[in-house]
Amino acid sequence: QVQLVESGGGLVQPGGSLRLSCAASGFTLNYYAIGWFRQAPGKEREGVSCISSSISRSNGSTDYADSVKGRFTISRDSAKSTVYLQMNSLKPEDTAVYYCAADGRYGSSCPVRVTYWGQGTQVTVSS
């Protein structure tokens, strides 16, 4: 049974940092593309970042939305079966529920075609 469990959200001041974690179980993390998405109140869910599987042609390449480039970094720890999203220089407009998602296609690359969702973690950027 595939499970994705996010953690690490919270309240942070503008300019601060947070690291989100997505713990995966029920599948081999390396073999599938994983993405981070977010949804702010009253807005549609949007893609933030993704990391391709290590066995795809993209070989673990990463991608970011323009709004977070240079501030967010996605990474994968295969031994811990966890994907991270390091978020620096946070802005109030980064406030949203952040979701981890997995592409169910073996050897998938970015962009993620979502098969599995996590439950989400709230990030609030406010002074």
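Val114 and Leu20 fall into different hydrophobic clusters, where Ile, Leu, Val, Met, Phe, Trp and Tyr are joined by side-chain heavy atoms under 4.5 Å apart, directly or via other members. Put simply, Val12 and Val48 are part of the same group of oily side chains (I, L, V, M, F, W, Y) that touch within less than 4.5 Å, one to the next. Residue Val68 is not grouped with residue Tyr84 when hydrophobic side chains (ILVMFWY) are merged at heavy-atom distances under 4.5 angstrom, including chains of intermediate members. By the criterion of side-chain heavy atoms lying less than 4.5 angstrom apart, applied directly or through intervening Ile, Leu, Val, Met, Phe, Trp or Tyr residues, Val2 is grouped together with Val83 in one hydrophobic cluster.
Of the possible polar contacts, none joining the Gln119 side chain to the Val5 backbone as a donor-acceptor pair under 3.5 Å is found. Remark: side-chain polar atoms of Ser52 are paired, donor with acceptor, to backbone N or O of Cys110 under 3.5 angstrom. Thr82 contributes no side-chain N or O that, together with a main-chain N or O of Asp77, makes up a donor-acceptor pair within less than 3.5 Å. The backbone N or O of Asn30 sits nowhere less than 3.5 Å from a side-chain atom of Ser78 that would complete a donor-acceptor pair. Ser49 places a side-chain N or O within 3.5 Å of a backbone atom of Asp63 that can act as its donor or acceptor partner. Remark: the backbone N or O of Tyr32 is not paired with any side-chain donor or acceptor of Asp103 at under 3.5 angstrom. Tyr64 contributes a side-chain N or O that, together with a main-chain N or O of Ile74, makes up a donor-acceptor pair within less than 3.5 Å.
Nearest heavy-atom pair, Ala24 versus Leu29, reported as atom, atom and distance to 0.1 Å: CB-CD1, 3.7 Å. The two residues Ala96 and Ala40 make their nearest non-hydrogen contact at CB-N, 3.8 Å. Minimum interatomic distance between Ser67 and Arg38 (heavy atoms only, all atoms of both residues): OG-NH2, 3.4 Å. Residues Cys22 and Leu4 come closest through the heavy atom pair SG-CD2, 3.9 Å. Residues Ala102 and Ile34 share a closest heavy-atom pair of CB-CD1, 3.6 Å.
By the 4.5 Å heavy-atom criterion applied to side chains, Trp36 and Cys100 are counted as neighbours. Residues Gln39 and Tyr99 form a side-chain contact, since some pair of their non-hydrogen atoms from C-beta on lies under 4.5 Å apart. Side-chain contact between Leu11 and Ser126 is present, with heavy atoms from C-beta onward closer than 4.5 Å. Between Val125 and Glu93, every side-chain heavy-atom pair lies at or beyond the 4.5 Å cut-off. Side-chain contact between Met87 and Arg71 is absent, with no heavy-atom pair separated by less than 4.5 Å. Between Pro92 and Pro14, some side-chain heavy-atom pair lies under the 4.5 Å cut-off.
The distance from the CG atom of Leu85 to the CD atom of Glu6 is 11.0 Å, given to the nearest 0.5 Å. Here CZ of Phe72 is found 9.5 Å from OG of Ser17. Values are rounded to the nearest 0.5 Å. Interatomic distance, CD1 of Ile51 versus OG of Ser109, reported as 11.0 Å (0.5 Å rounding). Between the CD atom in Gln3 and the OG atom in Ser81 there is a gap of 11.5 Å [rounded to 0.5 Å].
No salt bridge links Lys91 with Asp94; every basic N to acidic carboxylate O contact stays at or beyond 4.0 Å.
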Please step through side-chain contact (heavy atoms from CB on, under 4.5 Å) for the pair Lys80 and Ser21, ending with a clear verdict. CA-CA 11 Å; Lys80 295 183 178 179; Ser21 300; over 6 Å; no
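Ring planes of Phe27 and Tyr116: parallel class, angle under 30° (limits at 30 and 60°).
In this structure, Arg45 forms no cation-pi arrangement with Phe37, as its terminal cationic atom is not both closer than 6.0 Å to the ring centre and no more than 45° off the ring axis.
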